[in-house]
K.L.:
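The structure follows.
Whatever order the structure lists them in is the order used to number ligands and atoms, beginning at 1.
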Amino acid sequence: MPSLVNPEVELAVRGFILDQEKMAEVVERMTKEMKMGLAKDTHPRAVIKCFVSYVQDLPTGKERGRYLALDLGGSNFRVLLVNLRGESDVTINSKSYDFPKSLMTGSGIALFDFLAECLAEFCMDHGVAEEGLPLGFTFSFPCQQQGLSKGTLVAWTKGFNCDGVVGKNVVALLQEAIERRGDIKINTVALINDTVGTLMSCAYSRPNCRIGLIVGTGSNACYVEKTVNAECFEGYQTSPKPFMVINCEWGAFGDNGVLEFVRTSYDKVVDKVTPNPGKQTFEKCISGMYMGELVRLVLIEMITKGVMFRGDSSQKIFQRWSFKSAYISDVESDPPGEYRACNKVLNDLGIIGSQEPDKEALKLICEAVSSRSAKLCACGLVTIINKMNINEVVIGIDGSVYRYHPKYHDMLQFHMRKLLKPGVKFELVASEDGSGRGAALVAATAVSSKNYKLSV
Ligand code: GLC
């Protein structure tokens with residue numbers, strides 16, 4: 001059957017196609033960059049930082065107690081009360097708070113005051129304001145940790161850009177905000193990245209879980225490394241514990257130019273309009289914050305050239321960020337030849353009366369962007385698995401793109417199989433509530449080993 005799609009559209013998306021050879025090249029370059037991040041002498045100039053998380057124990061299933069967790073870093077902010085009662089017996093009460101957009105780029109003090117205010121309200125509602133419960137702080141930005149409960153923010157990502165936080169210990173900023181209020185008693189015992197939470201949460205029920213992956217607003221992964229290879233950890237040669245979870249911060253891969261061969265002109269435009277141009281190159285090719293905008297840029301080019309939606313104009317589509325990444329999942333969820341979800345998306349965008357070839361073209365553009373994302377993620381996971389040199393692994397995954405895109409899981413699996421050495425077995429598992437449960441599990445280990453300071 002001849003393609004319904006205009007050849008101009010096919011030409012426009014060609015740059016997003018990654019063949020096997022290019023994927024193998026991505027793995028090779030990424031392997032080099034990760035090694036630089038881990039090694040002490042090259043770490044300062046490495047782009048994939050491979051930060052030490054100070055998490056050295058995976059859950060045993062024996063963790064008990066009540067813990068609070070804060071989850072900041074995606075599209076919403078949550079407070080959670082997690083009750084670990086034993087083997088798979090976990091109850092979670094949580095509340096999502098509307099996060100005023102202005103806070104993302106305001107002052108750091110205002111941000112932390114808001115977190116403390118939500119936390120206080122939540123604790124009062126649940127009658128735990130006075131209990132001094134241990135808190136795990138899931139703060140999903142690159143942090144150089146100095147211990148389990150201490151870490152300085154290296155840079156903001158994902159559209160955040162608050163003053164006075166980069167270079168500061170974020171646990172101290174949170175604790176100070178709590179103390180400024182003076183109405184709740186809380187001990188922040190652990191600072192964790194969302195990837196680490198996801199790994200921990202998945203490992204709770206799947207002991208073979210060794211990698212945590214997020215494909216949501218941002219993208220990143222962590223994995224279990226041998227302590228002796230975690231050279232940036234001061235005790236890497238003497239620690240009695242054999243493993244260390246490494247927060248790769250793979251989003252920054254390519255910030256030194258090594259990914260130019262997979263980037264398109266659209267990627268360059270997206271990069272320019274973000275608050276952190278030149279940074280998070282890999283993440284900007286993969287994650288939900290940027291995928292929709294990439295699709296929109298191709299679309300408006302096609303509209304301007306008169307190739308798509310002839311005669312239909314929509315002001316909304318010309319507004320930056322108006323094409324949500326969730327639309328990609330919608331458009332791709334229609335069965336072949338059907339356009340129910342696609343029509344709804346077009347309607348939302350104010351484009352009416354479009355023809356079948358336009359809808360097929362839109363689908364093609366969405367597929368081009370989402371399959372490149374899944375291929376790059378597959379490259380990242382294969383890099384990690386090769387580095388770990390293991391034959392069997394479970395990967396815990398969270399994030400809106402992975403959860404809601406109808407084909408993401410299958411694409412990831414397919415491309416990983418093609419890239420991995422034969423015989424390597426892996427399983428991709430959606431991790432339940434990683435940021436909450438995972439933070440509580442890390443907090444539980446911190447409390448039991450008493451390797452935290454009560455005040456910062
Ligand atoms: C960004 C953050 C990283 C986080 C990821 C997923 O890449 O820098 O810390 O894990 O987003 O939320």
K.L.:
Side chains of Asn256 and Glu33: any donor to acceptor distance under 3.5 Å?
P.N.:
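Short answer, yes.
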K.L.:
Heavy-atom contacts with ligand 1 below 4.0 Å: which residues, ordered by chain and residue number?
P.N.:
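Its neighbours under 4.0 Å (heavy atoms only) are Ser140, Phe141, Pro142, Thr157, Lys158, Asn193, Asp194, Thr195, Ile214, Gly218, Ser219, Asn220, Glu249, Gln280, Glu283, given by chain and number.
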K.L.:
Establish, yes or no, whether the cationic atom of Lys158 lies under 6.0 Å from the six-membered ring centre of Phe141 and within 45° of the ring axis.
P.N.:
yes
K.L.:
So, Asn229 versus Lys35: side-chain donor-acceptor pair below 3.5 Å or not?
P.N.:
no
K.L.:
Under a plain distance cut-off of 3.5 Å, with no hydrogens placed, do Thr264 and Asp267 share a side-chain donor-acceptor pair?
P.N.:
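Looking only at side-chain atoms, Thr264 and Asp267 do form a donor-acceptor pair, the distance falling under 3.5 Å.
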K.L.:
Are Arg29 and Phe261 in a cation-pi setup, meaning NZ or CZ lies under 6.0 angstrom from the ring centre and within 45 degrees of the ring axis?
P.N.:
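Ring-cation test returns yes.
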K.L.:
Any chance the side chains of Ser373 and Tyr408 put a donor and an acceptor closer than 3.5 Å?
P.N.:
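Ser373 vs Tyr408: donor-acceptor pair found between side chains.
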